[in-house]
Amino acid sequence: MSSSLLTKKTLLIVLTSSMLLVLMGVGIVWAWLFKVLQPANTQATESVQFVVPKGQSVQKIGDRLEEQQLIKSAWAFRYLVWRRQLTTKIQAGSFKLSASQSPREIVQKLTTGTDDVWVTIPEGKRKEEIAAYFSEFSEFDLKEFLTLSAEDEGYLFPDTYLFPVQATAKTVHDQLRKNFDKVVQANGLEKKFQKNNTNLNDVVILASLLEREAKSQEDMKIVAGILNNRLDNGMALQVDATMQYAKGYDTKTKQWWTPSLSADKEIDSPFNTYKVTGLPPAPISNPGLKALQAAADPTPSNNLFYISDGQGKMHYSETYDQHLQNIQKYLK
C-alpha cells in the first residue's frame, strides 16, 4: 500500500474520530440541557413569592432562582431567556413560583404574569400626578384617591413601591402616607424640627417649595436659608412654583407646572407668594428625603435672592441690585 493511501486512510480515521467526539460532546450537552430544563422538584406542592426588583439583570435573577432551588441551573435559565429573545421582556414585580414548574414555565411567568408591580413616584409631584401612575390598576379609583389625599399633599412620600395590580385607592394612599411617617422617624427629622424651633407642617411646606426650586441638596439647603431670611424680614417669598401650583392643569399643553408668566403674579390665590406673604397654606408638591432634610436644616447666609440659569446652576445675592445683575448676566 502506498504511503499516500495510508495518509488518506489515517486522515479519514482522524476526521471520523473527531466527528464522533464532537457528536458525543453535543449529545452530552443536549442531555445535560434536557435534564436541567426539567422542574427542580416535581413533588413540590407549595408556591413561593419571588420578587424581581426593577433593573435586576437576567444573570442575577437566574442566580437567585437557583439559590432558592426553584430551578436546577442558572446558566440554563439564562440560555433559555437568550434563546427566546426575552432578555428585555422579564417584568419587575412579584410572582408566585414553584419548584414543580419547569424553567420554561417560570420564564413564561416572569414575562407575562406579575402579581405585583413596581411603581416609582418621583419627587416633587402633586397628588394628581401621583394618581396618574396608578391609572392602569384595575381596582384603583382616581376620584377616591384624590378625596383620601385631599389633606395629604406633601405627605405622599415619593419612593419605589411594590403594589398588587389590584391595589385600591385606599391601599395606595395608606402606603404612601405611612411611608412618609416611617421616613421622618427613621431619619430623626423630628429632632431637627425641635432643634430649629419649627414644626412638621411648616417644614413639609418649605420642602415642597425646595423640591420644585432646586436640584441638588446643597442648593436646597441654601435656598431654604434664603426663604427663611425672607420670612424673617417680612418679605414675600416670590416662588414661581407656587404660582404654577395655583394655575393647576393647563388644558392647552396638557400638563402641570407650566412656565410662569409675568401676568401670573396677579393670580388671586393664597398660593401666590408674589401677592401673599408668609408660607403657602399647604404644600405644593410631595418632597423627597433630601428636600425634607434641607428644610429641616437650612444653610445660614445673608442672601435674600436666588435664580437658576439655563443650565440649572443656582446664583445667589444679598441685595436686590446684585439680584438684577445676576438676572442680566444669566437669564438675558
No-hydrogen, no-angle side-chain donor-acceptor test under 3.5 Å, Tyr161 and Asn179: yes
Glu190 and Gln185: side chain donor to acceptor below 3.5 Å: no
Any donor-acceptor pair under 3.5 Å from Asn286 side chain to Leu156 backbone: yes
Aromatic ring proximity Tyr316/Phe305, centre distance under 6.0 Å: no
Ser262 OG to Met243 CE distance, which is reported to the nearest 0.5 Å: 8.0 Å
Gln244 side chain vs Thr258 backbone, donor-acceptor pair below 3.5 Å: yes
Same apolar cluster: Ile121 and Leu146, side chain cutoff 4.5 Å: yes
CD1 on Ile71 to CG on Leu65, rounded to 0.5 Å: 4.5 Å
Side-chain (Asn326) to main-chain (Tyr306) donor-acceptor, under 3.5 angstrom: no
Results of side chain to side chain contact (heavy atoms under 4.5 Å, CB included) for Gln56 - residues two or more places apart only: Pro53, Lys60, Ile61, Arg64
Linked, directly or transitively: Ile267 and Tyr249 (ILVMFWY side chains, under 4.5 Å): no
Geometric class of the Phe137/Phe134 ring pair [parallel <30°, tilted 30-60°, perpendicular >60°]: perpendicular
Donor-acceptor contact below 3.5 Å, side chain Asp309 vs main chain Lys313: yes
Lys178 side-chain N/O to His173 backbone N/O, donor-acceptor pair under 3.5 Å: no
Close side-chain approach of Val184 and Phe180, heavy atoms under 4.5 Å: yes
Donor on one side chain, acceptor on other, Asp219 and Ser216, under 3.5 Å: yes
Flag, side chain of Ser73 to backbone of Ala76, donor-acceptor distance under 3.5 Å: yes
Pairing of Asp181 and Arg177 as salt bridge, 4.0 angstrom limit: yes
Short N-O contact, Asp63 and Arg78, less than 4.0 angstrom: yes
Within one Ile-Leu-Val-Met-Phe-Trp-Tyr cluster: Ile327 and Met314, side-chain cutoff 4.5 Å: no
Sidechain-backbone polar pair: Asp159 side chain, Thr120 backbone, donor-acceptor under 3.5 Å: no
Step-by-step side-chain contact (heavy atoms from CB on, under 4.5 Å) determination, Arg212 to Tyr245: CA-CA 10 Å; Arg212 301 299 310 182; Tyr245 184 80; over 6 Å; no
Which residues share a side-chain hydrogen bond (donor to acceptor under 3.5 Å, both in side chains) with Glu123, sequence neighbours left out: none
Heavy-atom side-chain contact between Asn233 and Arg230 under 4.5 Å: no
Side-chain donor-acceptor contact under 3.5 Å, Trp257 with Glu129: yes
Expected output: side-chain Asn199 to main-chain Asp202 donor-acceptor under 3.5 Å: yes
hydrophobic_cluster_shared for Leu324 and Met235, side chain cutoff 4.5 Å: yes
Polar side chain donor-acceptor pair, Ser98 to Ser47, under 3.5 angstrom: no
Interatomic spacing from CG in Leu279 to CG in Leu231 - rounded to 0.5 Å: 5.0 Å
Polar side-chain atom of Thr273 near backbone of Val239 as donor-acceptor pair, under 3.5 Å: yes
Hphob cluster co-occupancy, Met220 + Leu206, side-chain heavy atoms under 4.5 angstrom: yes
Glu218 atom CD, neighbour heavy-atom count above 12 within 6.0 Å: no
Donor-acceptor contact present, side-chain Lys221 to main-chain Asp297, <3.5 Å: yes
side-chain contact (heavy atoms from CB on, under 4.5 Å) assessment of Leu227 paired with Val223: CA-CA 6 Å; Leu227 295 180; Val223 172; 4.1 Å; yes
CZ on Phe140 to OH on Tyr133, rounded to 0.5 Å: 13.0 Å
Asp240-Ser260 side chain donor-acceptor pair, cut-off 3.5 Å: no
Leu80 vs Arg84, side-chain contact (heavy atoms from CB on, under 4.5 Å): CA-CA, chis, key distance, verdict: CA-CA 6 Å; Leu80 197 59; Arg84 295 188 171 189; 4.1 Å; yes
Worked check of salt bridge (Lys or Arg N to Asp or Glu O under 4.0 Å) between Lys254 and Asp250: CA-CA 5 Å; Lys254 296 183 179 180; Asp250 189 315; over 6 Å; no
